[in-house]
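If you're wondering where the values come from, they're calculated on a predicted model, not measured in any experiment.
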Amino acid sequence: MKYTFVTLFSNLVEGYFQDSILKRAIDKDILDINYLNPRDYSQNKHMKVDDTAVGGGAGMVMNPQPLFDALDSLKKDDKNVHVIFLTPVAKTFKQNDAKRLAKKEHIAFVSGRYEGIDERVIEKYADEVFSIGDYILTGGELASLVVCDAVSRNIKGVLGNSDSLSVESFETPLLEAPSFSKPNNFKEIAVPSEYLKGNHSKIRSLKLELSECKTKFFRPEQLLKHRTRTSYEK
Ligand code: ADE
């Protein structure tokens with residue numbers, strides 16, 4: 001998978017790939033990370049990339065010209081690049097999107113700064129637009145990394161054998177059951193004894209019960225979805 005981060009601040013993004021799972025994937029040539037700075041395309045004599053909002057309103061908006069030119073050059077190099085804009089004005093990114101996008105060959109993440117991006121850029125170039133949640137960040141870079149990370153772990157070879165994809169929260173409507181590592185007894189706090197007895201069907205049913213408890217507490221609407229689905233399957 002090739003990723004291109006279209007951002008004024010590549011420094012904010014670069015660090016994330018310098019360690020752990022995604023670094024390993026880059027070293028194995030599964031991921032290829034690139035950066036494109038709209039400022040490099042600015043035709044303004046001071047290389048400005050933003051201006052006050054037409055019609056008034058607080059803050060600065062990113063101008064169309066540097067982004068049009070940067071994205072034209074990106075699309076000239078690869079007409080099949082899938083262009084994603086990160087903005088709070090969009091549908092929320094979900095696990096299903098991560099799985100679907102993992103099949104693409106080249107994704108570009110366009111991050112806005114200031115009060116946002118001139119709408120004409122989004123209208124012309126966006127294949128998709130995502131928010132990562134109902135809060136406002138100072139820019140799209142963190143959001144683009146969230147989407148990139150969630151997509152990447154669904155690409156074959158990115159996770160090692162030990163980091164399994166199979167039974168995870170959001171693969172089903174239920175949240176994942178709690179996990180424990182050794183020792184079985186730590187500072188006199190024991191793991192649930194059922195986990196230790198080796199009866200896999202009992203462990204499975206305890207885990208299901210614990211999953212339901214967690215889901216009922218944290219995400220009650222998801223529990224309803226689970227119950228509707230399992231009663232439909234019966
Ligand atoms: N930019 C600012 N806030 C954002 C959010 N919640 N999701 C995606 N991009 C953003």
Side-chain angles (χ1 to χ4, degrees), residues 1 3 12-31 33 86 91-103 107 109 130-135 137 141-234:
M1 167 77 86
Y3 293 120
L12 295 179
V13 177
E14 277 168 13
Y16 196 67
F17 299 101
Q18 284 167 13
D19 223 324
S20 192
I21 292 174
L22 299 190
K23 176 179 189 297
R24 203 170 61 202
I26 293 166
D27 293 343
K28 286 200 276 179
D29 290 328
I30 300 170
L31 301 183
I33 314 290
L86 289 310
K91 68 172 182 175
T92 311
F93 176 72
K94 293 278 167 49
Q95 181 67 12
N96 277 346
D97 298 308
K99 286 167 85 172
R100 173 174 57 78
L101 291 168
K103 300 191 182 96
I107 296 176
F109 297 109
F130 285 121
S131 163
I132 60 159
D134 294 344
Y135 36 79
L137 304 166
E141 285 78 6
L142 207 47
S144 68
L145 279 174
V146 167
V147 173
C148 174
D149 186 288
V151 170
S152 298
R153 59 195 298 291
N154 287 284
I155 298 170
K156 194 163 173 280
V158 168
L159 294 186
N161 288 339
S162 55
D163 323 292
S164 166
L165 268 180
S166 54
V167 231
E168 292 183 312
S169 297
F170 308 113
E171 294 298 318
T172 79
L174 288 184
L175 301 184
E176 224 174 303
S179 324
F180 303 91
S181 75
K182 294 184 182 65
N184 299 342
N185 202 317
F186 178 68
K187 292 188 188 270
E188 295 180 31
I189 312 168
V191 308
S193 58
E194 216 60 78
Y195 275 48
L196 305 173
K197 292 183 191 152
N199 181 333
H200 292 290
S201 111
K202 279 210 168 143
I203 294 174
R204 240 191 334 270
S205 69
L206 175 62
K207 281 192 165 177
L208 179 60
E209 209 176 301
L210 293 173
S211 277
E212 288 179 343
C213 283
K214 289 252 180 202
T215 313
K216 186 172 177 188
F217 189 77
F218 289 116
R219 300 289 298 271
E221 82 291 353
Q222 289 283 115
L223 186 63
L224 210 65
K225 223 194 254 179
H226 166 70
R227 296 216 164 125
T228 316
R229 189 183 285 187
T230 45
S231 68
Y232 178 75
E233 279 166 3
K234 272 179 197 157

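- Counting only heavy atoms from C-beta outward, the side chains of Asn185 and Val191 never approach each other to under 4.5 Å.
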Worksheet entry | Worked check of side-chain contact (heavy atoms from CB on, under 4.5 Å) between Ile33 and Tyr16 | CA-CA 11 Å; Ile33 314 290; Tyr16 196 67; over 6 Å; no
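- Counting non-hydrogen atoms of other residues, nucleotides and ligands closer than 6.0 Å to NZ of Lys156 gives a total of 12 or fewer.
- Under the 4.5 Å side-chain criterion, counting only non-hydrogen atoms from C-beta, Phe93 is in contact with Val151.
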Worksheet item: Passes side-chain contact (heavy atoms from CB on, under 4.5 Å), Leu86 versus Phe109? Steps please.
Response: CA-CA 7 Å; Leu86 289 310; Phe109 297 109; 3.9 Å; yes
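- Nearest heavy atoms, Asn154 versus Ala98: ND2-CB, 3.8 Å.
- In this structure, CD in Glu194 is found 10.5 Å from CG in Leu210, a value given to the nearest 0.5 Å.
- Side-chain polar atoms of Tyr195 and Asn184 form no donor-acceptor pair below 3.5 angstrom.
- Put simply, the side chain of Arg227 does not reach to within 4.5 Å of the side chain of Leu224, judged on heavy atoms.
- For the atom pair CG of Leu223 and SG of Cys213, the computed distance is 9.5 Å after rounding to the nearest 0.5 Å.
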Worksheet item: Can Ile21 and Arg153 be said to form a side-chain contact (heavy atoms from CB on, under 4.5 Å), step by step?
Response: CA-CA 9 Å; Ile21 292 174; Arg153 59 195 298 291; 6.0 Å; no
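- Looking at Lys23 and Asp27, a side-chain N of the basic residue comes within less than 4.0 Å of a carboxylate O on the acidic one, giving a salt bridge.
- Residue Glu14 places its CD atom among more than 12 non-hydrogen atoms of other residues, nucleotides or ligands, all under 6.0 Å distant.
- Looking at heavy atoms from C-beta onward, Ile30 lies out of side-chain contact with Met1 at the 4.5 angstrom threshold.
- Side-chain contact between His226 and Thr172 is absent, with no heavy-atom pair separated by less than 4.5 Å.
- How far NZ of Lys214 is from CD of Glu209: 14.0 Å, rounded to the nearest 0.5 Å.
- At distances below 3.5 Å, at least one donor-acceptor pair connects side-chain atoms of Thr215 with backbone N or O atoms of Leu175.
- Between Leu101 and Phe130 there is a side-chain heavy-atom pair separated by less than 4.5 Å.
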Discussion item. For a side-chain contact (heavy atoms from CB on, under 4.5 Å) check, start with the C-alpha distance between Leu174 and Leu208, then their side-chain angles and the critical distance, and finish with the verdict.
Written reply: CA-CA 9 Å; Leu174 288 184; Leu208 179 60; 3.5 Å; yes
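- Closest non-hydrogen pair, Ala25 versus Val158, comes out as CB-CG2, 4.0 Å.
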Item to complete: Take Arg219 and Glu221, measure what salt bridge (Lys or Arg N to Asp or Glu O under 4.0 Å) needs, and give me the verdict at the end.
Response: CA-CA 6 Å; Arg219 300 289 298 271; Glu221 82 291 353; 2.9 Å; yes
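- Considering only heavy atoms from C-beta on, Arg229 comes within 4.5 Å of Pro173 through its side chain.
- Nearest approach of Ser152 to Leu31, heavy atoms of both residues: OG-CD1, 3.9 Å.
- Nearest heavy-atom pair, Phe180 versus Pro178, reported as atom, atom and distance to 0.1 Å: CE1-O, 4.0 Å.
- In this structure, the separation between CZ on Arg24 and CG on Asp19 is 11.0 Å, given to the nearest 0.5 Å.
- Residues Asp97 and Arg100 are paired through a salt bridge, judged by an N-O separation under 4.0 Å between the basic side chain and the carboxylate.
- A donor and an acceptor atom, one from each side chain of Tyr3 and Ser144, are nowhere located under 3.5 Å apart.
- Glu176 contributes atom CD, which lies 7.5 Å from atom OG of Ser211 (distance to the nearest 0.5 angstrom).
- Residues Leu145 and Leu12 fail the side-chain proximity criterion, which asks for heavy atoms closer than 4.5 Å.
- Within a 6.0 Å radius of CZ in Phe186, no more than 12 heavy atoms belonging to other residues, nucleotides or ligands are found.
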